[in-house]
Amino acid sequence: MDGLEKKEERSLNFLERIIEDDLANGRVPDNTVVTRFPPEPNGYLHLGHIKSICLNFGLAEKYGGRCHLRLDDTNPEKEDVEYIESIQRDIKWLGFDWGEHLYHASDYYDQLHAIAVNLIKEGKAYIDSLTPEQMKEYRGTLTSPGRNSPDRDRPIEENLRLFEEMRQGKHPEGKYLLRAKLDMASPNLNMRDPALYRIKYASHPRTGDKWCIYPMYDYTHPISDAIEGITHSICTLEFEDHRPAYDWATSIDGIEHAPHQYEFARLNINYMLMSKRRLLNLVKLGIVTSWDDPRMPTITGIRRRGYSPESLRDFVSRVGVAKVESVVDYNLLEFCAREDLNKRAKRLMVILDPIKLVITNYPEEKTEWFDADNNPEDPESGTRPIPFSRELYIEREDFMEVPIKGYHRLYPGNEIRLKHAYYVTCTDMVKDADGNIVEILCTYDPQSRGGTTEDKRKVRGTSHWVSAHHAIGGEIRLYDKLFSTEYPGATTGNYLDDVNPDSLVVLRRAKMEPSLRDAKAGEYLQFIRNGYFMADSKDHSAAHPVFNRTVTLKDSWSKKANKQN
RNA sequence: UGGGAUGUAGUGUAAUGGUAACACUGCAGAUUCUGGUUCUGCCUUUAGGGGUUCGAAUCCCUUCAUCCCAGCCA
């Protein structure tokens, strides 16, 4: 109880404060907080979007309101149904539900058009025939004001006629533009007569060829928010300069409901890239195999890698939300993955880099079955039988002919425990002609059956193992960070220079517990002492098992060992 | 004197005029049938300067630093 209450006491972030203040002062219609997640369907959702999703859906949930999913599809040149579908799949996987409230900016094209016509009639918008180059020139610069377009005072009737002709497809792309009549001298460039509609002969994923004029973001987004009754429209910092445009659009005559825009800092993580454009580039260049390559920070990629939605949501909540540009440490992401996976992952024994171990005093044909814990963290998880026999595989790094200081695994004369099974002592080894160790010879203590002895003598090392006769083969994909520097591209200016050449290491000689044949994508696994893994959703099969490493286990030994050498 | 925003341990985020704190990282140690987990401890913080105040991370002035904006992208 105490713990729960303390959790509730956690201080509010700035958005929660705004909402609670609005609620307390009766500024929220029907006391219902309405937010929206408005992705543009021009790429796959990534970790950065998860923050926005959690914020928007989380805020609505916390205050008993609702959150809409609105696809911001105003630029048919870049958008695609592939993305529209993946976005919905990814949000659902994260565990959020927009219920009936799935919308598209394109749902409002008719209304948007009618409002634009009204604007023209009121003399608040005009058709401009400036070329893009001229537009740029007339716009002025950051430090100097712009100039009015010669078309700014075009008669209303003519504006109306030209806008209609634009709609009917009577003019080529770029010929005309509908612009709001605001202030060319504004220090805010977004207010220097922003474009409202442009001509684009592109077929739209939803409206097909109905339109050849498409509305711009600064016009569409705020009005869409207003139409849907959004109360709190939250977006990232770079839209701060657009807020005056937002406020202008939501105060157009006839728009009753006026939502407000609030900005927060987008999520950045070191060693990662978080822009759709650059992620798309990685796919196009073949640096990764696809959008769902397990090294990608896309939701679909992280999912395939083996992260759970719970750990991702936990990550976002730990990151917090503020208005300061920040870079979150990659370590926090891995911490969240491990913390979650530790509680839920099924433990299994897999030898990544096998070396044979023969127990010379163990009967040749005998097989014993031991019960292994499925998860020591979860008493409910039960046990599974694992076969043991005279010939086993252990991890090559679990043996050293000449042990370094502090090494308490297997070496000549040393006794270790084979997890769940017996104590074994190394008596000898077999080498090939080149002097490479090819086999380790041991004796076992029959009294240590099950992994403990009556005399309670201590063994410092415990190794995992698989029975050579029963083991299955398969492919293990060891993933690491896609970039090897904290800020990809920081030194050379080209992020491609910092791609980590070892971001994927494929192991094909691994030996696994037979039960792994039945593993399925979506099952959280821990290969004991090696890390967390998941069957690959595309390539895994019983005939050819394939596992992706989600994240390693924390490893305090290799650090120590490296320091010594 | 273009506009807008932001500065709290290495990294995130609290403290909203009253003892600067939590998490991650890092470093020690204890426990452990995973060198995992768990537990304990340690390190390091209010951008600078001035002012108001009994008292300032918080209010005021000022300096500095960083980020965003000149798409018919979102």
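When reading the values below, keep in mind they use all heavy atoms of this one structure, side chains included, and skip hydrogens, waters and symmetry mates. Quick note on labels: first sequence line is chain A, next is B, and so on, each numbered from 1.
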Is it true that the NZ or CZ of A:K481 lies under 6.0 Å from the centre of A:Y271's six-membered ring and within 45 degrees of the ring axis? yes
Assign A:L553 to base, sugar-phosphate, or nothing according to its heavy-atom contacts below 4.0 angstrom with the strands shown. base
Between A:K323 and A:G320, which has a closest nucleotide on RNA chain B that is more 5'? A:K323
For B:rG3, take OP1 and OP2 only and decide whether either is under 4.0 Å from a side-chain N or O of A:R243. no
In residues 167-180 of chain A, which residues come under 4.0 Å of RNA chain B by heavy atom? A:G174, A:L177
Figure out the NZ/C1' separation between A:K136 and B:rC73, and round it to whole Å. 15 Å
Whether A:S558 contacts B:rG35 is assessed here as follows: a side-chain N or O lying under 4.0 Å from the phosphate OP1 or OP2. Is that the case? no
Compute whether any side-chain donor of one residue and acceptor of the other, for A:S186 and A:N188, lie under 3.5 angstrom apart. no
Under-3.5 Å donor-acceptor pair between A:E377 side chain and B:rG36 base: yes
Below 6.0 angstrom between ring centroids: does that apply to A:H204 and A:Y109? yes
Less than 6.0 Å separating the ring centroids of A:Y197 and A:F163? yes
Kindly state whether the ring of A:H221 and the ring of A:F239 have centres lying under 6.0 angstrom apart. no
Going by purine N1 to pyrimidine N3 plus the second Watson-Crick contact, or the G-U wobble pair, all under 3.5 Å, which nucleotide sits opposite B:rA56? none
Is A:R449 paired with A:E368 through a side-chain N to carboxylate O contact shorter than 4.0 Å? yes
Just N and O in the side chain of A:R529: are any of them under 4.0 Å from OP1 or OP2 of B:rG35? yes
Sorted by chain and number, sequence neighbours left out, ring pair (Phe, Tyr, Trp, His ring centres under 6.0 Å) with A:W291 holds for A:Y44
I'd like to know if the side chain of A:D555 and the backbone of A:S558 have a donor-acceptor N/O pair within less than 3.5 Å. yes
Indicate whether OP1 or OP2 belonging to B:rU13 is found under 4.0 Å from a side-chain N or O atom of A:S326. yes
Just N and O in the side chain of A:R139: are any of them under 4.0 Å from OP1 or OP2 of B:rG71? yes
Expressed in angstrom and rounded to an integer, what is the separation of A:R549 atom CZ from B:rG36 atom P? 16 Å
Do A:R409's NZ or CZ and the ring of A:F399 fall within the cation-pi criteria of under 6.0 Å and 45°? no
Pairing partner of B:rA30 (Watson-Crick or G-U wobble, both distances under 3.5 Å): B:rU38
Can you tell me the distance, in whole Å, between the CD atom of A:E137 and the P atom of B:rA70? 18 Å
Donor/acceptor link under 3.5 angstrom from A:D555 side chain onto base of B:rG35: no
Whether A:R198 contacts B:rC73 is assessed here as follows: a side-chain N or O lying under 4.0 Å from the phosphate OP1 or OP2. Is that the case? yes
Looking only at atom types and distance, does a side-chain atom of A:D128 sit under 3.5 Å from a main-chain N or O of A:R179, one as donor and one as acceptor? no
Base, sugar-phosphate alone, or nothing: which one does A:V321 contact when heavy atoms must sit under 4.0 Å apart? sugar-phosphate
Quick one: which of B:rU37, B:rA5, B:rG12 gets closest to the side chain of A:E240? B:rA5
Pairing check on B:rU44: which nucleotide meets the Watson-Crick or G-U wobble criteria with it, both distances under 3.5 Å? none
To the nearest Å, give me how far apart CG (A:N414) and P (B:rG35) are. 14 Å
A:H408 side chain: which of B:rG35, B:rA5, B:rU25 is closest? B:rG35
Counting only distance, no hydrogens or angles, is the base of B:rG35 paired donor-acceptor with the side chain of A:R460 under 3.5 Å? no
Return the nucleotide paired to B:rG2: Watson-Crick means purine N1 to pyrimidine N3 with N6-O4 or O6-N4, wobble means G-U with N1-O2 and O6-N3, both under 3.5 Å. B:rC69
Where the side chain of A:V324 is concerned, which of B:rG7, B:rC24, B:rA74 is the nearest nucleotide? B:rG7
Here the residues of residues 346-355 of chain A within 4.0 Å heavy-atom distance, strictly under, of RNA chain B are A:R347
Is the ring centre of A:Y444 less than 6.0 Å from the ring centre of A:Y422? yes
Kindly indicate whether a cation-pi arrangement holds for A:R147 with A:Y138, taking the cut-offs as under 6.0 Å to the six-membered ring centre and within 45° of the axis. yes
Which one is paired to B:rU8, where only Watson-Crick or G-U wobble pairs with both distances under 3.5 angstrom count? none
On the nucleotide B:rG26, are OP1 or OP2 found under 4.0 Å from the side-chain N or O atoms that A:K559 carries? yes
Tell me whether the side-chain N/O atoms of A:K276 come closer than 4.0 Å to OP1 or OP2 in B:rC73. no
Same-atom distance (C1') from B:rA15 to B:rU58, integer angstrom: 9 Å
Nearest-angstrom distance from the residue atom CE of A:M400 to P of B:rG35: 16 Å
Taking atom C1' in both B:rA14 and B:rU46, compute the distance separating them and give it to the nearest angstrom. 13 Å
